[in-house]
Each structure stands twice: as C-alpha cells, then as structure tokens.
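Let me begin by presenting the structure, written as structure tokens, before commenting on it.
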Protein chains: 2
Amino acid sequence: MNADALRGHLDALLLSVLEHEPRHGYAIIEALRERSGGALDLPTGTIYPALRRLERAGYLASEWATVGGRKRRTYRLTGAGRAELAGERSAWTSFTTVISSVLDPSRPDPSR
Amino acid sequence: MNADALRGHLDALLLSVLEHEPRHGYAIIEALRERSGGALDLPTGTIYPALRRLERAGYLASEWATVGGRKRRTYRLTGAGRAELAGERSAWTSFTTVISSVLDPSRPDPSR
DNA sequence: GGCTACATATAGAGAGCCTACATGTAGACT
DNA sequence: AGTCTACATGTAGGCTCTCTATATGTAGCC
C-alpha cells in the first residue's frame with residue numbers, strides 16, 4: 001500500500017473503526033490490520049498523531065484507563081465524529097466513482 | 001474534490017488520459033474535466049509539474065509543436081508508462097477494495 | 001485597447017504520512 | 001538475572017505532492 005494513496009482517507013478509516021465501540025490506539029492498528037486482511041499495517045507514528053488531530057477537531061474524545069498494569073488512552077466517536085464519518089463515506093463513494101470513470105480502460109477510439 | 005484525496009492517484013489519471021492518444025497539458029486538463037463529468041478541474045500548477053515528473057520518471061515523452069501560432073508540448077506514453085499504467089490500475093483496484101472493506105458500515109455486533 | 005480562451009511554467013506554502021527514536025510495563029524463556 | 005517479545009504511547013523531522021499565486025505570451029473578438 002503506497003503511502004500517498006492513503007492520504008486524505010485515513011480519517012475515514014479511523015472513524016469507521018471506532019463506530020461501534022471505543023478502542024485505544026494499539027487496538028485500532030490491530031483492527032485495521034484485521035479488517036483489511038493484513039493490507040493495512042500502519043505505524044504508530046501515523047496513528048497516534050492522527051488520533052490527536054481528530055480529537056482536536058472534535059470528532060473523537062478520549063479517556064485514560066489502566067488495564068493489566070498498562071495505560072491506555074481510549075478513543076470514542078463524538079456526535080460530530082459520527083456526522084463526519086457519514087460525510088467521509090459519501091465522499092469516498094463519489095471519489096471512487098470519479099477516479100474509476102477516468103481510469104476506465106475501455107476507451108477504444110470514440111470516432112469510427 | 002479534496003486535494004489530499006487525489007494524492008498518489010494523479011499519476012494514474014494522467015497516464016490513463018494519454019493511453020490512446022498524445023495530448024498537451026491544456027488538453028489533458030480538459031480531458032480530465034470531461035471524463036469526470038466536471039468533478040476534476042485541476043489547476044495548471046498541479047498538472048504541469050506532474051507531467052514533468054512523469055517524464056523524468058520515464059513514463060512519458062514530450063515534443064514541442066506549434067499549432068495556430070501557439071506552442072504546445074505534447075506528451076505521449078512510453079513503453080514503461082504503459083506498464084506503469086497497468087500497475088496503477090491494479091493498485092487502484094486493490095486500494096479501493098481494502099478501503100471499502102474497512103469503511104463498510106454494516107458491522108452490527110459480531111457476538112450475539 | 002481590453003477581454004477571453006489558449007498555453008506553459010515556477011516559487012513557495014501547506015499538510016499529512018512515514019521513519020526513527022524515546023520510554024515504559026508484563027510475561028515468558030533461558 | 002538477563003533477554004526477548006508483545007503491549008502501549010508519544011514526538012521530531014523529513015519527504016513528497018498538490019495547490020495558490022504569479023509570470024509570460026499568442027490569437028481572436030468586440
């Protein structure tokens with residue numbers, strides 16, 4: 001998976017993974033890996049700053065917890081985050097439609 | 001269309017538009033606008049540097065021409081560019097598959 | 001003379017993802 | 001006791017791409 005390709009779509013992935021249950025950063029990375037069949041194995045240096053950015057934007061809220069002697073910062077979707085996720089999903093659909101229509105290989109000469 | 005979303009996919013778009021016929025920069029912008037139904041209206045500051053980058057990479061070759069008193073730099077796909085386009089197309093397919101699978105909204109609690 | 005369409009080009013800004021590094025706990029194995 | 005792996009979070013800096021803004025010039029119409 002090319003790094004640039006992901007750009008601008010990571011937010012949607014993170015919000016989507018948090019849709020039905022709160023998770024902490026490490027668990028989010030694992031969830032993304034699972035849901036993508038191993039294709040997405042994102043480094044912590046990508047995930048943690050992104051989560052903070054989304055929290056600053058008001059889409060996520062976080063709380064600290066200690067489980068088995070280890071500290072976790074657990075993130076959950078806010079109302080605004082839920083709305084944002086819906087918007088990102090529809091943006092994703094139009095995005096793929098547009099790019100696919102341009103990439104469509106079946107373009108034999110239109111004249112003749 | 002968000003600027004970040006496009007990142008990493010522009011190359012494929014450019015190569016695709018040049019697949020069946022050479023075009024100059026201005027015509028490429030118009031072709032993208034047409035094929036995307038108006039959704040893609042990319043600025044010259046995006047297109048021209050990208051074309052040069054692709055030429056430097058060996059995917060495109062260019063020649064100057066004068067048409068109606070105006071100078072055009074016409075780009076065409078090279079063999080390497082054709083191969084790259086094929087690769088980009090398959091990368092696009094796997095990319096959308098992966099992201100869509102993570103974004104899939106139908107994830108009602110797996111237990112119960 | 002001024003406007004629009006055609007046509008190319010570059011400098012600099014902005015933003016996001018990644019690499020690399022830093023820190024620490026828990027548990028298993030030797 | 002020492003080492004290793006998994007778990008867990010975080011930041012600094014770099015890289016690269018796209019966009020904004022600006023510059024330059026021709027052709028044709030009003």
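Values reported hereafter were calculated over all heavy atoms of this structure, with side chains retained and with hydrogens, waters and symmetry mates removed. Letters go in sequence order (proteins before strands), and every chain restarts at 1. Worth saying up front: this structure is predicted, and the values here are computed from it rather than measured.
- For Glu55(A), the salt bridge (charged side-chain N to carboxylate O under 4.0 Å, His left out) test picks out Arg73(A), with sequence neighbours left out.
- Shown here are the salt bridge (charged side-chain N to carboxylate O under 4.0 Å, His left out) partners of Arg53(B), two or more places apart in sequence or in another chain: Asp11(B).
- Of the residues in residues 23-34 of chain A, none lies under 4.0 Å from DNA chain C by heavy-atom distance.
- Listed by first and then second residue, the salt bridge (Lys or Arg N to Asp or Glu O under 4.0 Å) pairs involving residues 78-100 of chain A are Glu19(A)-Arg89(A) (not counting sequence neighbours).
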*What string of B, S and - do you get for nucleotides 16-26 of chain C, 5' to 3', if B is base contact, S is sugar-phosphate-only contact and - is no contact with any protein heavy atom under 4.0 Å?*
BSBBB----BB
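- Taking atom CD of residue Glu55(B) and atom C1' of nucleotide dA9(C), one finds them 14 Å apart after rounding to whole Å.
- Every residue meeting the side chain to side chain contact (heavy atoms under 4.5 Å, CB included) condition with Ala80(B), not counting sequence neighbours, appears here in chain and number order: Tyr59(B), Thr78(B).
- Listed by residue number, the members of residues 84-93 of chain A with any heavy atom below 4.0 angstrom from DNA chain C form an empty set.
- At the phosphate of dA9(C), OP1 or OP2 sits under 4.0 Å from a side-chain N or O atom of Arg52(B).
- Remark: His9(A) pairs with Trp92(A), Phe95(A), Phe95(B) by the ring pair (Phe, Tyr, Trp, His ring centres under 6.0 Å) rule, at least two apart or across chains.
- In this view, Ala91(B) satisfies the side chain to side chain contact (heavy atoms under 4.5 Å, CB included) rule with no residue, not counting sequence neighbours.
- Rounding to whole angstrom units, CZ of residue Phe95(A) and P of dT18(D) are separated by 11 Å.
- Applying the salt bridge (charged side-chain N to carboxylate O under 4.0 Å, His left out) test to Arg33(B) and every residue at least two apart in sequence or in another chain returns Asp41(B).
- Here Arg23(A) pairs with Glu21(A) under the salt bridge (charged side-chain N to carboxylate O under 4.0 Å, His left out) rule; sequence neighbours left out.
- Side-chain contact between Thr74(A) and Ser62(A): absent, with no pair of heavy atoms (C-beta onward) separated by less than 4.5 Å.
- Scanning for side chain to side chain contact (heavy atoms under 4.5 Å, CB included) contacts around Ala39(A) gives Ser36(A), Val98(B), with sequence neighbours left out.
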